[in-house]
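First listed ligand is number 1; within each ligand, the first listed atom is number 1. Here the structure is a predicted model, which is why all the values come from computation and not from measurement.
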Amino acid sequence: MHFDVFTLFPEMFSAYLDESILKRAREADLLRVELHNIRDYTTDKHHTTDDVPYGGGGGMVMKPEPIFAAVEGVLGAPPVCPVILLTPQGRRFTQKVAEELVQQERLALLCGRYEGVDERVRQHLVTDEISIGDYVLTGGELPALVMIDAITRLIPGVLGDENAASNDSHASGLLEYPHYTRPPEFRGWEVPEVLRSGNHAEIERWRQQQSRERTQQRRPDMLEGEE
Ligand code: 4HQ
């Protein structure tokens with residue numbers, strides 16, 4: 001999977017991409033992330049990327065020219081892959097959307113700042129708009145990292161068998177059962193006897209029951225076939 005990220009803050013990405021599973025995926029050439037600084041595509045002396053909104057009101061809006069120049073300069077006109085804008089106005093990013101997008105060989109992620117991008121970017125460059133949830137962030141960089149993370153772990157070969165994506169709670173449609181490790185007693189709190197019994201059929205039954213109860217209690221919406 002090849003991601004092209006368009007951002008004013010490319011330095012924000014390395015702390016996350018250069019560690020752990022995403023680092024290993026990149027080293028194995030299962031993941032490639034190219035960071036493109038939108039400011040590099042400005043042509044004026046002050047490298048201006050934003051301007052005041054037409055019609056007044058507060059805040060600043062990202063200018064269209066550097067964004068078009070960056071995306072079309074890297075991906076051609078029209079772009080060779082989907083161009084996704086991270087925005088609270090987009091469709092909600094879910095495990096199902098991650099499974100849909102991992103089928104693409106290349107994705108462009110456009111990270112806005114300030115009040116967002118000029119509407120002509122949305123209308124004539126962007127092909128999909130995605131939100132990671134109903135809260136307001138200061139920019140699209142964290143949403144881009146969230147998408148890269150969730151999509152990359154679905155690429156065959158990225159996770160070991162043990163953590164395979166098919167075992168995930170959202171793949172099964174239920175929340176995960178409780179996990180325990182050693183010691184068997186910590187501050188008087190014991191690991192459930194069944195998990196130490198060695199009876200694998202009973203352990204499997206207990207875990208399934210815990211998953212069902214937990215989902216009913218915490219996320220009844222997941223059992224009603226919505227989302
Ligand atoms: N943003 N899911 C970028 C978000 C957001 C979200 C706020 C995106 C500010 C400029 N993006 N604008 N939630 O809160 O994707």
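Taking 4.0 Å as the cut-off, I130 counts as a neighbour of ligand 1 on heavy-atom distance. Residue contacts with ligand 1 include Y114, since one of its heavy atoms falls under 4.0 Å from the ligand.
For ligand 1 and I132, the ligand atoms under 4.0 Å from any heavy atom of the residue are 2 (N), 15 (O). Of all atoms in ligand 1, numbered sequentially from 1 with element shown, those under 4.0 Å from a heavy atom of V136 are 14 (O). For ligand 1, the atoms sitting less than 4.0 Å from at least one non-hydrogen atom of G133 are 13 (N), numbered in the order shown with element in parentheses. Near G140, meaning under 4.0 Å from any of its heavy atoms, are these atoms of ligand 1: 3 (C). Atoms of ligand 1 found under 4.0 Å from any heavy atom of Y135 (numbered from 1 in listed order, with element): 13 (N), 14 (O). Counting atoms of ligand 1 from 1 in the listed order, those under 4.0 Å from a heavy atom of G112 are 3 (C), 10 (C).
With no hydrogens or angles considered, no side-chain donor-acceptor pair links H2 and E105 at under 3.5 Å. Counting only N and O atoms by type, the side chains of Q208 and E204 include a donor and acceptor under 3.5 Å apart. With 3.5 Å as the limit, one finds a donor-acceptor pair spanning the side chains of E141 and T7.
Shortest contact from atom 8 (C) of ligand 1 to any protein heavy atom: L86 O, 3.5 Å. Of all protein heavy atoms, the one lying nearest to atom 7 (C) of ligand 1 is L137 O, 3.2 Å. The nearest protein atom to atom 1 (N) of ligand 1, hydrogens excluded, is given as P88 CD, 3.6 Å; this is a heavy-atom distance.
More than 12 non-hydrogen atoms from other residues, nucleotides or ligands lie less than 6.0 angstrom from CZ of R196. The number of heavy atoms from other shown groups lying within 6.0 Å of CZ (R91) is above 12.
A pairwise comparison of heavy atoms in S211 and T215 identifies O-OG1, 2.6 Å as the closest pair.
Counting heavy atoms from C-beta on, the side chains of E34 and V5 never come closer than 4.5 Å.
Taken from CD1 in I148 to OH in Y16, the straight-line distance is 10.5 Å, to the nearest 0.5 Å.
Only the side chain of P143 comes within 4.0 Å of ligand 1, judged by heavy-atom distances.
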